2 protein chains.
Amino acid sequence: MTRVKPKLQTIGHDCTACPIRHRAVCARCEADELQVLENIKYYRSFEAGQTVVWAGDNMDFVASVVTGIATLSQTMEDGRRQMVGLLLPSDFAGRPGRSTSAYDVTAATNLVMCCFRRKPFEELMLSTPHIAQRLLEMTLDELDAAREWMLLLGRKTAREKIASLLCIIARRDASLQLSQTHGELRFDLPLTREAMSEYLGLTLETVSRQMSSLRKQGLIMTEGKRHIIIPDFDQLLEETGDDSDGGFLV
Amino acid sequence: MTRVKPKLQTIGHDCTACPIRHRAVCARCEADELQVLENIKYYRSFEAGQTVVWAGDNMDFVASVVTGIATLSQTMEDGRRQMVGLLLPSDFAGRPGRSTSAYDVTAATNLVMCCFRRKPFEELMLSTPHIAQRLLEMTLDELDAAREWMLLLGRKTAREKIASLLCIIARRDASLQLSQTHGELRFDLPLTREAMSEYLGLTLETVSRQMSSLRKQGLIMTEGKRHIIIPDFDQLLEETGDDSDGGFLV
DNA sequence: AAACATCCTTGATGTAGATCAAAAAATCAT
DNA sequence: ATGATTTTTTGATCTACATCAAGGATGTTT
């Protein structure tokens, strides 16, 4: 089990059959396994804002994101909300062995998920070792991302939080397009200010103010509300507080 | 692959051979697998305060905690630190497929770890499917814990953070002792005020103040600096902001 | 085009927790 | 015990972000 940094390797998101395919082409896939997965999968589409499942609700499938963006969030009794995960194409949702969702899963944009019925998927996992192994790798990546996010939530300033989020989305977006435009990066923010604030542990007003501040200083430019232009990625990166190498996030 | 809530099931910490053993008695273990694990494992002891590995350093083993408590933390260039994991007996550290540690691993108390050399462990994982499956379960639990911690870091007040941490440690401690003393709980805090502050995303002064405040209100009592008595666990639980059921943490 | 609903921005003010500073406990060494 | 070191507590002050409040954009419905 050799592992290489998985971040920028995502090659295909075709969801032809095997969840492994989503993140990188899987050399281990055997034809018959593909066939089995083919038999237990189905697609579901959601519109931006729609909820896929609420925390605590029954969730009899596991799924991976084909297109669009989904969010995982937790809510406290009094309504305080914290986003705990951002699912981009190829990311996995749901958990073998658990029949209810631990989080609210919401479509941030229009969303297509490739779902696998949970029981057959679990059986398949038992009979097909490399699926568990691949899932383990993906889960470990998510754990790294969650821990990097803990650093952000616990120790970064509002400005650093915003810069970090923008860098993460920009990087992920750029890697999807395989466009190596060193210089200017452009992308559509898939999150509202409110969603950003829920992710970053801030209020939406603070998010808005910090965005304005970054704009005034020329670190970012905006077209309309959601389209972001980053004239110099490295310069923005310096505002994140991270060491330049960048991390595991998303 | 049926799963049950793993929290309070921890039965043995004997580290006889199989990492699976640490969390719950493993019904699947076959004698020969145990034998192989026996051959690649070794023990290491650390004193409180000692560092097991620094982030970025070579780490040619994976390990599970036998006794004591270890912490995982990340540091920013300017010295801001955030703890991202607390390893209690039976918890797992290190990651198959990665040769360097992503975090500082530090002994919070005297610590014994059961180490497995990485390469043979990875090979074993490939040839022994249920190890990957068990590791996946454990990693998913850790991911849940990390996400619950994200909610704490992003949205809870200082007071709620302290109450949460105390409840978590108390609960874990109680489960280790299998002592069902409903009423008064007693345990030694394994963390300094500074370590607590690093875990909670606070300063150590704030931790101290909130501890004093809880003490003055009779929610906790202290003997010396580290020994804590919780006269009424449910009462303290109400200060955490969590819904009463409690979560996945630690 | 007017009315409405979202989403975003900006301003004024308040406060939880950080920071700075020092003293008190506890722990350790001689 | 006595002094030295580490850890914790407490106080005074400051500030980053939250909260409260209002006003603009933008898009949608009729």
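Just so we're on the same page: letters track the sequence lines, and every chain starts at 1. All values reported here derive from a predicted model rather than from experimental measurement.
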inquiry  = Output the rounded distance in Å from CD (B/Glu223) to P (D/dT8).
reply    = 17 Å
message = Just verifying a value: how many Å separate B/Asp144 CG and B/Thr139 OG1, rounded to the nearest 0.5 Å?
response = 11.0 Å
request  = Could you check how far NZ of B/Lys216 sits from C1' of D/dT10, rounded to whole Å?
outcome  = 8 Å
message = Looking at the base of C/dC20, is there any donor atom on it, or on the side chain of B/Glu205, that sits under 3.5 Å from an acceptor on the other one?
response = yes
Which residue lies more 5' along DNA chain D, comparing B/Leu204 with A/Thr157 via nearest heavy atoms = B/Leu204
message = Which nucleotide wins on minimum distance to the side chain of B/Arg193, given the candidates C/dA18, D/dT9, C/dT9?
response = D/dT9
task = Would you indicate what A/Leu202 reaches in the nucleic acid, counting non-hydrogen atoms under 4.0 angstrom: base, sugar-phosphate, or nothing?
result = sugar-phosphate
query = From the list C/dG17, D/dC17, C/dT9, which nucleotide is the closest neighbour of the side chain of B/Ala158?
reply = C/dG17
message = Is the phosphate of C/dA18 approached by B/Thr203 (side-chain N or O, under 4.0 Å from OP1 or OP2)?
response = yes
B/Lys161 NZ to C/dG17 C1', straight-line distance once rounded to whole Å = 9 Å
inquiry  = Once you apply a heavy-atom cut-off of 4.0 Å, does B/Arg159 come out as touching a base, just sugar-phosphate, or nothing?
reply    = nothing
request  = Give B/Gly201 one of three labels, base, sugar-phosphate or nothing, depending on what nucleic acid heavy atoms sit under 4.0 Å from its own.
outcome  = sugar-phosphate
key: Residue of the set B/Lys161, B/Arg155, B/Lys156 for which salt bridge (Lys or Arg N to Asp or Glu O under 4.0 Å) holds with B/Asp242   = B/Lys156
ask   = Is any side-chain nitrogen or oxygen of B/Arg226 closer than 4.0 Å to OP1 or OP2 of D/dT8?
value = yes
request  = Go through the steps for B/Arg147 and A/Glu142 under the test salt bridge (charged side-chain N to carboxylate O under 4.0 Å, His left out), then give the verdict.
outcome  = CA-CA 10 Å; B/Arg147 284 174 166 164; A/Glu142 275 186 89; 2.9 Å; yes
query = Under 3.5 Å, side chain of A/Ser208 to main-chain N/O of A/Leu204, donor-acceptor pair present?
reply = no
message = Check the phosphate of C/dC8 against A/Ser208, side-chain N and O only, distance under 4.0 Å to OP1 or OP2. Yes or no?
response = no
key: Distance in angstrom units between B/Ile220 CD1 and D/dT8 C1', rounded   = 13 Å
inquiry  = Just the rounded figure in Å: distance from P of D/dA18 to CG of A/Leu200.
reply    = 10 Å
task = Let me know the distance between CZ of B/Arg209 and P of C/dT19, rounded to the nearest Å.
result = 12 Å
ask   = Does a side-chain heavy-atom distance below 4.5 Å link A/Leu189 with A/Ile169?
value = yes
note = B/Arg155 atom CZ is separated from C/dG17 atom P, nearest whole Å, by 13 Å
message = Expressed as a whole number of angstroms, how long is the span from B/Asp78:CG to C/dT19:C1'?
response = 15 Å
message = What contact category does B/Ser212 fall into here, base, sugar-phosphate, or nothing, at under 4.0 angstrom with non-hydrogen atoms?
response = sugar-phosphate
